[in-house]
Participant: 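Below is one structure. I have some questions about it.
The structure presented is a predicted model; accordingly, all values stated were derived computationally and were not measured. Positions are given from 1, in the same order as the sequence printed here. Heavy-atom basis, side chains included; hydrogens, waters and symmetry copies ignored.
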Amino acid sequence: MNAPNKYPTESLKLWGKAKQLREQYYQNYAKAKENGGLRWSGSAWALDALPAGLGDDVYSLTGEPYAAAVAHDKKFAKECMDAAESVGFARDLCSYMRIYWGGMHLDKYLYGGKFPKPDFIFQTQICCSHSKWYQHVAKVEQVPQFYVDVGVGPYKDMNAARLDYVTDQLLDGIEFLEKTTGRKFDDEKFLKAVKNEMRSTSRWADICALNKVKPAPLDEKTMYSLYVLATLSKSSQWCADFYDELYDEVKDRVARGIAAVPNEKCRMMSDTQPPWSFLKIFRYLETYGAVSIGSLYTFALEGIWEDKPDGSWGGRSLPWEKGIEMNTREQIARLYADWNLSKPQWQHFFDPRLKTEMMLRIVKEWQVDGVMLHLNRGCEGLSLGIMENRGGIAKAGVPIMTFEGNMGDEREFDEVRTQARVDAFMEQLGLRRQAA
């Protein structure tokens with residue numbers, strides 16, 4: 001066995017700022033009412049540039065990243081899920097949904113105090129759980145609710161009628177927001193928020209594309225704490241500006257050959273949400289010199305991509321840089337709808353083969369040696385078609401392993417068994433654990 005490669009490594013300079021921004025987001029939501037502001041709740045895929053048109057004192061609580069944060073606290077997560085089950089909800093439902101519901105019924109907030117009540121629900125509908133999740137929240141909290149159906153088929157088949165369908169719902173959503181809050185919708189604030197979201201999601205894709213080089217400047221465990229900012233508030237100025245800063249830092253790491261994993265010998269790719277209580281599985285990979293460079297989930301849950309002139313995958317070009325006008329409310333809403341409907345992570349809801357193609361593209365462009373699929377019982381949406389994905393990747397000759405678990409319910413993850421499967425897979429790839 002050859003001696004492991006040694007690359008220079010260093011901590012991210014922006015790590016502290018990312019943590020601070022995340023904490024501030026949750027505190028802002030909790031304290032919004034003290035300052036006369038508004039609170040709304042919805043998913044990380046909610047089209048949050050619309051509520052931003054109501055003013056600068058409007059704060060959201062996106063359910064999935066909140067539940068993922070709770071999942072890291074095993075004791076509180078179990079308390080929440082037990083509470084949801086005691087109300088009568090089945091254990092095989094989305095674990096994020098059960099965690100959120102449980103905290104609401106317990107009236108406990110992860111960051112202290114009572115569970116903050118939203119003023120309204122603003123939500124998208126593509127995952128099978130999304131609308132039912134917030135329908136229950138609206139019923140319990142007795143607040144108005146609005147849903148945007150974005151399940152119009154894959155982007156490759158987009159046409160004017162499908163785009164009109166979503167655009168018209170966004171315009172209806174603006175009327176709902178005005179009627180519900182009594183505030184006048186500000187088109188200038190809406191435009192600014194849409195531009196911020198486009199900046200954030202395109203730039204996050206650019207950051208992920210920098211991981212194509214060897215050694216990888218970022219590892220996936222670290223990326224989880226960075227992509228999450230877009231799941232919180234992708235249309236905010238602070239998120240867009242942070243990703244610009246982060247892009248510059250990661251680009252500098254590439255230029256200087258700074259590695260996320262100093263002993264990188266093997267490049268892995270994962271899939272779907274990880275078991276949040278056991279992120280140390282990624283550190284276990286590193287004992288073999290294996291780095292997880294990311295996944296379709298990490299890259300495209302919020303990243304917006306396009307084919308570049310050289311045939312590679314990169315961040316989608318911003319409309320105003322191509323001279324596309326965004327002058328009227330209707331123009332802004334239509335471009336905003338089109339932007340989100342191109343989200344790679346939405347495509348596999350319509351056909352698992354589309355996801356397989358994208359995963360194989362990542363294998364090729366990011367120089368991946370092996371794939372780890374999390375058979376995630378906690379998310380019906382992102383696990384949809386996952387065994388078809390496994391078959392397609394294996395058929396393409398790419399080494400692949402699976403492990404069972406649950407993103408939010410640690411009772412369904414067997415750490416010892418998973419480590420044994422990793423050991424066997426690493427042996428298949430010709431790797432041995434390296435001394436510390």
Side-chain angles (χ1 to χ4, degrees), residues 17 19-67 69-70 100-101 103-124 133-148 170-197 200 228-242 329 332-333 336:
K17 184 172 183 178
K19 185 176 180 181
Q20 181 184 15
L21 289 170
R22 179 174 169 272
E23 294 294 323
Q24 190 64 52
Y25 167 86
Y26 287 113
Q27 292 302 326
N28 284 344
Y29 182 79
K31 297 177 180 177
K33 306 305 289 182
E34 298 174 16
N35 304 312
L38 292 173
R39 288 196 294 237
W40 65 275
S41 193
S43 76
W45 279 343
L47 301 170
D48 60 4
L50 263 80
L54 295 173
D56 298 329
D57 59 346
V58 180
Y59 301 98
S60 66
L61 179 67
T62 49
E64 300 95 334
Y66 172 74
V70 174
Y100 187 106
W101 282 346
M104 177 183 66
H105 282 285
L106 290 169
D107 201 16
K108 289 184 179 180
Y109 190 51
L110 176 64
Y111 299 94
K114 294 181 178 295
F115 197 88
K117 177 180 176 177
D119 293 297
F120 60 89
I121 302 300
F122 192 81
Q123 173 65 314
T124 52
W133 176 337
Y134 286 97
Q135 183 183 37
H136 181 63
V137 175
K139 180 181 178 181
V140 172
E141 301 283 28
Q142 295 185 323
V143 295
Q145 54 192 312
F146 188 87
Y147 301 89
V148 180
L170 297 185
L171 297 174
D172 289 344
I174 292 172
E175 292 184 15
F176 162 83
L177 293 171
E178 288 186 322
K179 182 179 178 181
T180 296
T181 65
R183 293 192 180 190
K184 183 172 175 55
F185 189 84
D186 188 324
D187 287 328
E188 287 301 316
K189 291 186 183 298
F190 177 40
L191 175 60
K192 180 181 178 182
V194 167
K195 285 188 171 183
N196 282 336
E197 179 172 329
S200 296
V228 74
L229 298 179
T231 72
L232 302 179
S233 187
K234 53 189 174 291
S235 67
S236 65
Q237 186 79 32
W238 61 259
C239 182
D241 289 349
F242 176 81
R329 177 183 292 185
I332 299 166
Y336 186 40

Participant: With the side chain counted from C-beta on, respond yes when Pro65 and Tyr26 share a heavy-atom pair under 4.5 Å apart, and no when they do not.
Facilitator: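 Of all side-chain heavy-atom pairs linking Tyr26 with Pro65, at least one is under 4.5 Å.
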Participant: So, does Thr62 use its side chain to make a donor-acceptor pair with the main chain of Thr231 at under 3.5 Å?
Facilitator: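 It does hold such a pair.
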Participant: For Ser233 versus Asp48, what's the shortest heavy-atom pair and its separation?
Facilitator: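 Looking at all heavy atoms of both residues, the closest pair is CA-OD2, 3.7 Å.
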Participant: So for atom CG, which belongs to Asp56, do other residues, nucleotides or ligands contribute more than 12 heavy atoms lying within a distance under 6.0 Å?
Facilitator: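 No, the 6.0 Å shell around CG holds no more than 12 heavy atoms from other groups.
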Participant: When rounded to the nearest 0.5 angstrom, what distance separates CG in Asp186 from CZ in Arg329?
Facilitator: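 Here the rounded value is 9.5 Å.
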Participant: Any chance you could measure Leu177, atom CG, to Leu38, atom CG, to the nearest 0.5 Å?
Facilitator: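 So the CG of Leu177 and the CG of Leu38 are separated by 9.5 Å.
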Participant: Is the closest side-chain heavy-atom distance between Phe122 and Tyr134 below 4.5 Å?
Facilitator: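 In short, these two side chains do not touch, never coming nearer than 4.5 Å.
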Participant: Below 4.5 Å, heavy atoms only, C-beta onward: do Leu61 and Phe115 meet side chain to side chain?
Facilitator: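 Sidechains of Phe115 and Leu61: in contact.
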Participant: Nearest 0.5 Å, what's the OH-OG distance between Tyr66 and Ser60?
Facilitator: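 So the gap between those two atoms works out to 13.5 Å.
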Participant: Parallel, tilted or perpendicular, judged at 30° and 60°: which one describes the rings of Tyr109 and Tyr29?
Facilitator: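 Ring orientation, 0 to 90° scale: tilted.
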Participant: Quick one: pull up NZ in Lys192 and OG in Ser236 and give me the separation to the nearest 0.5 Å.
Facilitator: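 Those atoms lie 10.0 Å apart.
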Participant: What pair of heavy atoms forms the shortest contact from Pro118 to Glu141, and how long is it?
Facilitator: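 Minimum heavy-atom contact is CD-OE2, 4.1 Å.
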Participant: Using a 4.5 Å cut-off on heavy atoms from C-beta on, say whether the side chain of Gln123 contacts that of Gln145.
Facilitator: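 Heavy-atom side-chain distance check fails, nothing below 4.5 Å.
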Participant: Show your working on side chain to side chain contact (heavy atoms under 4.5 Å, CB included) between Lys31 and Tyr59 and close with a plain yes or no.
Facilitator: CA-CA 9 Å; Lys31 297 177 180 177; Tyr59 301 98; over 6 Å; no
Participant: Examine distances only and state if a side-chain atom of Arg39 and a backbone atom of Ala30 form a donor-acceptor pair shorter than 3.5 Å.
Facilitator: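 At least one qualifying donor-acceptor pair exists.
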Participant: Can you tell me how far CH2 of Trp238 sits from NZ of Lys17, rounded to the nearest 0.5 angstrom?
Facilitator: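 These two atoms lie 10.5 Å from each other.
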Participant: Taking the side chain as C-beta and beyond, is there a heavy-atom pair between Asp172 and Phe146 under 4.5 Å?
Facilitator: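 A side-chain contact under 4.5 Å exists here.
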Participant: Show your reasoning for whether side chain to side chain contact (heavy atoms under 4.5 Å, CB included) applies to Val148 and Leu47.
Facilitator: CA-CA 9 Å; Val148 180; Leu47 301 170; 4.2 Å; yes
Participant: Could you pull out the closest heavy-atom pair between Ser235 and Asn196, with the gap in Å?
Facilitator: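 Scanning both residues, the minimum pair turns out to be O-CB, 3.2 Å.
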Participant: Tell me, do Trp45 and Glu64 make a side-chain contact under 4.5 Å, heavy atoms counted?
Facilitator: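 Of all side-chain heavy-atom pairs linking Glu64 with Trp45, none is under 4.5 Å.
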Participant: How about Gln27: does its CD atom have over 12 heavy atoms from other parts shown lying under 6.0 Å from it?
Facilitator: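 Buried by this count: over 12 neighbours within 6.0 Å.
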Participant: Can you see which heavy atom on Gly36 is nearest to which on Arg183, and at what distance?
Facilitator: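 It is O-NH2, 3.5 Å.
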Participant: Hey, is NZ on Lys33 packed in by over 12 heavy atoms from elsewhere, all under 6.0 Å?
Facilitator: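 Atom NZ in Lys33 is packed in, count exceeds 12.
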Participant: If you round to the nearest 0.5 Å, how far is CG of Leu54 from NZ of Lys189?
Facilitator: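 One gets 10.5 Å once the value is rounded to the nearest 0.5 Å.
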Participant: Looking at every non-hydrogen atom in both residues, tell me the closest pair between Ile121 and Ala138 and how far apart they are.
Facilitator: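 Smallest interatomic distance, heavy atoms only, reads CG1-CB, 4.1 Å.
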Participant: When you compare the side chain of Leu50 with that of Phe176, does any pair of heavy atoms fall below 4.5 Å?
Facilitator: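 Counting from C-beta outward, Phe176 and Leu50 never come under 4.5 Å.
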Participant: Which heavy atom of Tyr336 sits nearest to which heavy atom of Ala49, and what is that distance?
Facilitator: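 So the minimum-distance heavy-atom pair works out to OH-N, 3.1 Å.
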Participant: Considering only heavy atoms from C-beta outward, does the side chain of Ser41 approach that of Tyr100 to under 4.5 Å?
Facilitator: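 The answer is yes; the side chains approach within 4.5 Å.
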Participant: Step through it carefully: locate the ring centre of Phe190, locate the ring centre of Phe185, and say whether they are under 6.0 Å apart.
Facilitator: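 Yes - the distance between ring centres of Phe190 and Phe185 falls below the 6.0 Å cut-off.
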